[in-house]
Amino acid sequence: MSGTIPNFIHDVIDADLAAGRETHVHTRFPPEPNGCLHIGSAKAIWINYTTAKKYGGKFNLRYDDTNPAKEDDSFVRSIEEDIRWLIGEEPSGGIFFGSDYFDQCYEYALKLIRQGDAYVCDLSADEMREYRGTLTEPGKESPYRNRTPAENEDLFVRMKNGEFADGSRTLRAKIDMSSPNIVLRDPAIYRILRVPHHRQGDKWCIYPLYDYAHPIQDAIEGITHSLCSLEFTNNRPLYDWVIEKIGFAHPPHQYEFARLNITNTVMSKRYLRKLVETGLVDGWDDPRIPTLSGLRRRGYTPSALFNFLRKVGISKVYSIVDIRLLEHCIREELNAVALRRVAVLEPLKVVITNYPGDKTEYFSLPNHPENPEAGSRQLPFTRELYVEQSDFMEDAPNKFFRLKPGGEVRLMGAYIVRCDEVIKDDSGKVVELRCSADLETGNAMPADGRKVRGTIHWLSAAHAKDAEIRLYENLFTIEDVNSIPEGKDYDDYINPNSLQVRKEAKIEAALTEAQAGQSCQFVRTGYFTPDSHTPGVFNQTVALKDSKGTFIVNGQ
RNA sequence: UGGGGUGUAGCCAAGUUGGUAAGGCAACGGACUCUGACUCCGUCAUUCCUAGGUUCGAGUCCUAGCACCCCAGCCA
């Protein structure tokens with residue numbers, strides 16, 4: 001279940017191992033602590049983690065914290081928590097910080113300077129852009145490109161010592177201003193930035209850029225296969241350049257895979273942040289967004305997520321996965337293990353007219369119909385019950401197998417009842433049903449052999465407990481949020497029904513003891529889990545599948 | 001009009017040295033059912049972006065096109 005299907009990365013590794021280019025496998029996941037992890041990050045974690053595992057190698061967690069202007073310590077804590085939750089253990093190779101290698105990055109920069117492979121450039125950001133050229137025209141060499149190594153070293157040391165203003169100079173790799181790959185047109189590898197670092201404090205006023213720092217981090221940690229997403233493909237030649245010029249004995253190699261996209265949701269950190277900051281969702285762990293904390297609060301499990309990722313596979317094709325595959329994976333898992341419970345989301349009172357008002361009897365309901373070992377529990381039955389409003393229809397079509405005037409239905413695990421009378425309020429709304437139970441038959445099959453097709457869930461009004469139940473739908477009404485028409489914005493496609501709160505819900509007594517992190521199936525409606533923030537609130541993980549499109553317990 | 005990456009069903013995605021298109025999701029039929037769930041059966045690419053070519057035989061090889069994605073941050 002946790003394995004992977006064949007993929008090009010493992011093909012590469014198999015070849016490396018077979019040819020003796022590598023003797024082992026070491027991977028890493030390098031998040032920048034500038035936001036929360038989401039299911040797209042989970043794909044990167046899963047690929048790196050399972051690859052290391054498959055080959056008996058190690059897996060590192062490394063915070064890629066080279067830009068103090070964007071990073072925050074609170075995110076390193078949330079990332080660590082999410083990863084522990086996801087993989088269920090410590091990263092086997094350890095936890096590191098890219099910033100811990102700043103000294104080495106600095107020393108290697110000096111080495112590049114002395115080799116004539118890097119120079120201090122005084123061009124402003126705007127000038128550098130002009131000199132860079134365009135996609136179709138080569139760039140021009142910087143007038144500072146031919147400074148001597150000694151002059152460059154002097155300048156770079158003074159950059160480090162804080163003698164120059166932010167942005168006034170950069171250290172650049174001396175590669176090729178006419179390269180068709182723009183990444184290679186003398187990229188900046190160090191910038192001056194007077195921003196305190198979350199771990200280094202005020203030690204530095206120059207910080208290395210990703211393209212320069214990343215290969216060094218990988219090499220220092222002994223990473224063999226550096227697996228990242230497709231948008232870094234253009235940067236790979238620079239990655240290799242850094243490794244080669246510094247002269248690492250055992251060069252790591254980078255391989256790229258397509259990032260994850262899912263229909264009707266958003267994966268960009270930038271937009272997730274916007275949703276959180278504008279209050280369109282309720283924090284980074286809002287159950288409607290695909291952050292790991294949100295998914296966790298929603299009731300998703302690491303194994304369901306990993307299974308999902310495994311089924312999606314690894315490729316280099318831009319793709320957008322149907323969110324229903326994700327839902328399938330959590331249903332598949334929860335169906336097998338979740339205990340069945342009764343909850344009435346939208347209660348409608350039912351009075352059993354031929355049942356004594358002072359009587360209570362108990363019916364046994366299985367905790368899991370397919371697993372007798374899960375046992376059963378007793379549900380109290382009394383004259384006044386609650387059933388689901390949507391389980392009654394006054395003018396019902398033929399295929400409606402639930403309660404209707406004059407019709408019979410089975411109360412799950414208990415009596416067959418017939419609807420005799422419908423009581424409405426002044427506005428015509430149905431407020432109560434008066435039914436009669438087949439007391440002879442009890443919870444057995446009818447002796448006369450008549451068929452009762454429908455089975456609905458119910459709760460004794462006197463015994464039911466109150467709860468708030470939150471139902472969720474897709475956050476976006478558009479499948480691909482990456483292709484929003486011109487002139488429109490993400491916000492134009494937010495589903496107004498993404499959260500629906502049922503405050504008047506009723507639940508069976510056993511549910512009052514449910515703990516956050518436990519999932520159960522509310523019979524006939526879906527899988528739910530207690531909210532981790534508010535006691536007495538349940539979050540819907542996913543609705544039960546509704547193959548005929550008529551099982552309307554959710555919404556209208 | 002530069003460079004890089006990618007094109008297999010509605011959506012993901014396998015396809016060994018060319019040998020006659022896996023699997024999953026979705027959908028649609030049907031069986032079963034005291035959850036309209038689950039489970040179970042069945043249907044779902046004469047065709048692999050297009051056009052040529054090589055071959056007894058091509059998704060796999062060759063040639064030429066086309067489409068989509070990424071790159072012009074002192075972001076990652």
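Using the Watson-Crick or G-U wobble rule with both distances under 3.5 Å, B/rG23 pairs with B/rC12. With a cut-off of 3.5 Å on both pairing distances, the Watson-Crick or G-U wobble partner of B/rU50 is B/rA64. Within the shown strands, nothing qualifies as a pairing partner of B/rC38 under the Watson-Crick or G-U definition with both distances less than 3.5 Å.
The base of B/rG36 sits with one of its N or O atoms less than 3.5 Å from a complementary donor or acceptor on the side chain of A/R402. Checked by distance alone, A/R453 brings a side-chain donor or acceptor within 3.5 Å of a matching partner on the base of B/rU33.
Taking syn as a glycosidic angle within 90° of 0, B/rG73 qualifies as syn.
Using a 4.0 Å heavy-atom cutoff across all strands shown, A/S319 reaches sugar-phosphate atoms only and no base atom.
The aromatic rings of A/F381 and A/W458 sit perpendicular to each other, their planes meeting at more than 60°, with 30° as the lower class boundary.
Here B/rG4 presents its P atom at 19 Å from OH of A/Y255, a figure rounded to the nearest Å. Note: CZ (A/F156) to P (B/rC74) measures 16 Å, nearest angstrom. If you take CD1 of A/I189 and C1' of B/rG73, they are 16 Å apart, rounded to a whole angstrom. Put simply, CZ on A/F232 is 18 Å from C1' on B/rG3, counting in whole angstrom units. Across the protein-nucleic acid pair, A/N235 atom CG and B/rA72 atom P stand 9 Å apart, rounded to whole Å.
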Problem set entry | Steps toward ring-ring contact (aromatic ring centres under 6.0 Å, His included) verdict (A/Y207, A/F102) | CA-CA 8 Å; A/Y207 293 96; A/F102 279 174; 5.8 Å; yes
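Nearest-nucleotide mapping onto RNA chain B: of A/G442 and A/E137, the residue sitting toward the 5' end is A/E137. Where A/Y527 and A/F8 each meet RNA chain B at their nearest nucleotide, the meeting point lying more 5' is that of A/F8.
The listed nucleotides are B/rA76, B/rU35, B/rC12; the one nearest the side chain of A/V321 is B/rC12. The side chain of A/H328 sits closest to B/rC25 out of B/rC25, B/rC71, B/rG5.
With ring centers used as reference points, A/Y144 lies 6.0 Å or more from A/Y119.
Side-chain contact between A/F528 and A/I469: present, with at least one pair of heavy atoms (C-beta onward) separated by less than 4.5 Å.
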